[in-house]
Amino acid sequence: VTPIANKTAALTQRLSEAEATIEALISGQIDAVVDTRTKGPVLLSKAQDALRASEERYRQIVETANEGIWTIDANSITTFMNGRMAAMLGYTQAEVIGMPLTSIVSKAEQPKTASNIENGREGRRSESALIRKDGTELWVSVSSTPRMNAAGEYAGALAMITDRTEHRQAEDALRRSEEQYRQIVENTTDGIVTVDPSGQIIFVNKRFAEILGYVPQEMMGKLATTFMTPAQQAVAKAAFTRRANGLKDSFDTGFVHRTGREVLVNISGSPVVDAEGNHIASLAVVRDTTESTRLQSQLMVSDRMASVGTLAAGVAHEINNPLAAVMANLDYIADVVGKLGTSSPGAMTPAMRETRIRDEIKAPLDDAREAAERVRFIVRDLKMFSRSPSEELKGPVSVKDVMESSLRMAWNEVRHRARLVKNYGNVPDVDANEARLGQVFLNLIVNAAQAIPEGCADSNEIRVATRLERKRVVIEVTDTGPGIPPEILNRVFDAFFTTKGGVGTGLGLAICHRIVTDIGGELTVRSELGVGTVFRVSLPEAVIEPVTAQPATIPPVGRRGRILIVDDEEMIIRILTRILGKEHEVVATVDAREALALCVAGEKFDLILCDLMMPLMTGMELHSEISLLSPDQAKAMIFVTGGAFTEKTRSFLSDIPKEHIEKPFDAANLRAIVQRYLR
Amino acid sequence: VAKPPSRSPVHLRLYVAGQAPNSVLAIANAKALCEGHYLPGYKLEIVDLMKHPLRALKDGIVVTPTLVRLSPKPTRKVIGTLADQTQVILALGAA
């Protein structure tokens with residue numbers, strides 16, 4: 001054995017001893033190390049136990065963590081991944097050691113990651129996409145911390161990684177579902193609007209903006225009340241308060257369209273609350289009912305016309321009776337007057353003749369007048385039912401008057417079936433439209449009559465009663481018909497529900513219910529089989545004081561005036577001339593063009609009584625011609641009309657300062673009006 | 001495993017640090033080793049460096065527990081608790 005070989009063997013020996021020492025140190029088999037300075041052993045055990053325990057703790061934390069843990073060195077080479085991190089990527093822990101960052105982070109995310117490492121050598125959180133071993137993408141959120149060496153240089157980074165795939169999927173699903181809702185909200189045919197508690201519009205969909213003539217951007221952020229009239233604002237504020245208290249609601253109201261016109265809507269409102277249940281907004285689904293309201297009012301008119309149509313035969317009968325009386329009495333008078341001329345002339349003094357005329361003619365004249373008066377009432381009733389909605393004005397209405405009109409209209413239906421018993425209590429006026437209220441009463445009366453079979457009028461009764469109950473005006477229409485079976489009693493107000501087979505439309509009571517509800521009233525029914533049925537209308541008293549009619553003062557005989565009469569009906573000209581001719585100078589023509597010619601020729605009149613509807617030139621046309629020619633003469637015009645207005649004539653008349661005279665007129669009233677304007 | 005010649009007495013010395021856990025384990029393992037598998041004429045000497053600290057430097061010992069085969073020459077060292085008997089026998093016997 002050579003000395004060199006010995007030396008080599010000794011060195012090898014010492015090296016293997018050193019290795020064994022290090023190995024033993026690492027595996028924790030060492031108790032003490034000999035310190036060359038103190039020349040004695042230093043016990044390691046306690047420190048080592050502690051170290052081992054703490055290492056074990058960390059190891060457990062790192063390995064059992066739900067987050068992935070990943071360390072890289074300064075060159076972005078993987079130095080460690082915990083089991084969770086490796087599993088997320090589909091690798092074993094051993095496989096990833098030494099893998100560069102670039103083969104783990106997805107290509108798209110690499111520039112971002114690189115710049116994060118470049119710039120932000122500080123802790124940061126971000127989202128990133130990693131690539132699994134199988135090539136699929138893994139979305140993670142990354143929380144990274146740089147690691148420095150002893151010299152303070154960047155030595156790599158430690159990152160905590162959370163799997164976001166599920167969050168991503170949930171977020172995608174949420175986004176998709178939100179998109180779906182957005183589509184629904186944007187494409188629905190109803191308007192949708194949300195308003196915060198201060199009344200500001202947070203959101204409107206396209207449709208709502210469209211209903212009011214705007215685009216959504218113009219409305220958002222504005223106060224909702226910007227788009228309402230003061231009355232609508234009050235309604236809206238009440239609704240906001242209701243919803244702030246957690247209540248839902250549904251009601252009819254309106255908005256002001258961009259163009260200023262009113263838009264009628266139905267609103268279904270509900271409160272919007274956050275996760276804690278705090279009220280954060282008020283949500284309204286808005287349906288434009290302008291069109292359906294218009295259709296409905298048309299339907300109401302047609303139902304009313306249908307009722308009148310049904311009653312036409314009865315009405316004709318009602319007119320024929322008094323008309324027969326008028327004609328017979330006039331014939332009789334003509335006969336008497338005719339005989340006066342032939343019978344024993346000279347046998348009577350003029351005084352005797354006068355007495356004879358009075359005695360013979362007075363009574364039939366009075367009868368004729370009374371009969372004619374009845375015709376006038378019936379025609380007025382008919383007119384009441386034929387008014388169009390645009391002419392409908394609400395106002396204090398006497399329930400008794402409207403009921404009387406309705407009873408006259410329905411009399412032919414009633415009289416063959418039952419006795420009519422009226423019991424009018426002393427009730428105040430109600431705030432309603434008389435045509436619509438009449439429609440309700442007429443329906444109830446006709447229904448009552450039709451419930452009773454014909455032929456036993458003596459043993460049946462229709463009772464009409466009015467009374468005041470707890471500040472409300474109650475109208476009851478009671479019949480002694482067979483009664484309504486309980487199973488259909490709650491359906492009688494449904495539209496298109498009818499028990500009259502082909503005769504009824506099923507709309508009558510539905511419309512009555514609507515009319516009554518619209519004016520703040522209630523329409524209810526109770527019925528007992530074999531006893532009869534009671535329909536009961538309860539209405540609020542009119543709040544407006546009824547305007548007391550001015551007592552017609554009979555003017556003293558006034559001055560004589562010059563009057564022009566224009567009417568295409570010669571009969572009317574004759575009677576007007578007869579009434580006014582003694583007190584005034586009367587000029588008359590059947591042609592408005594002739595009247596115009598007179599004015600053009602410079603003739604002056606104190607008053608011009610003019611018909612409205614004439615075939616060659618209407619009263620309106622005459623008025624506008626005369627206005628151009630001589631405004632003074634135009635102001636002298638009084639119109640005499642036979643009713644059945646168009647909307648145009650109605651608005652024309654309301655612009656004329658002088659009141660108009662309605663046909664038929666009575667002589668005293670006509671004289672009084674003429675005198676009033678002559679003064 | 002090649003056994004050393006039977007005539008040669010085997011002199012082993014175990015350096016320990018008092019009752020430290022690894023030292024206790026090493027003493028137990030060394031005794032078991034000698035009684036069970038090694039030559040009948042063995043001599044096991046135990047040196048407690050906590051009692052005789054100066055022996056450490058003198059004998060060139062760096063850590064405890066360390067088992068040294070003093071004879072037959074050359075000397076061999078085995079470091080640790082001597083838990084793996086096969087390794088220990090290999091280390092001591094491959095002379």
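Order of the sequence lines fixes the chain letters, A, B, ..., with proteins taken first and strands second; residue numbering starts at 1 for each chain. The figures here come from the full heavy-atom set of this structure, side chains too, leaving out hydrogens, waters and symmetry mates.
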Evaluate side chain to side chain donor-acceptor pair (under 3.5 Å) for D31(A) paired with S23(B), printing each intermediate quantity in order.
CA-CA 7 Å; D31(A) 288 327; S23(B) 297; 2.5 Å; yes

Test side chain to side chain contact (heavy atoms under 4.5 Å, CB included) on V63(B) and V34(A) and set out the steps.
CA-CA 6 Å; V63(B) 296; V34(A) 176; over 6 Å; no

Give every donor-acceptor pair under 3.5 Å between a side-chain atom in residues 10-25 of chain A and any protein atom, sequence neighbours left out.
{"unit_1": "T12(A)", "atom_1": "OG1", "unit_2": "T8(A)", "atom_2": "O", "d": "2.7"}
{"unit_1": "Q13(A)", "atom_1": "OE1", "unit_2": "R76(B)", "atom_2": "NH1", "d": "3.0"}
{"unit_1": "Q13(A)", "atom_1": "NE2", "unit_2": "E17(A)", "atom_2": "OE2", "d": "3.1"}
{"unit_1": "S16(A)", "atom_1": "OG", "unit_2": "T12(A)", "atom_2": "O", "d": "3.4"}
{"unit_1": "S16(A)", "atom_1": "OG", "unit_2": "Q13(A)", "atom_2": "O", "d": "2.9"}
{"unit_1": "T21(A)", "atom_1": "OG1", "unit_2": "E17(A)", "atom_2": "O", "d": "2.7"}

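With a 4.5 angstrom heavy-atom cutoff, L25(B) does not touch chain A via any of its atoms.
Open room surrounds CD on Q19(B); 12 or fewer heavy atoms of other groups in view lie less than 6.0 Å from it. Within a 6.0 Å radius of NZ in K31(B), no more than 12 heavy atoms belonging to other residues, nucleotides or ligands are found.
Comparing V62(B), L49(B), L57(B) by heavy-atom pairs within less than 4.5 Å of chain A, the highest count is held by V62(B).
In terms of modelled atom types and a separation under 3.5 Å, the side chain of T81(B) and the main chain of Q29(A) share no donor-acceptor contact.
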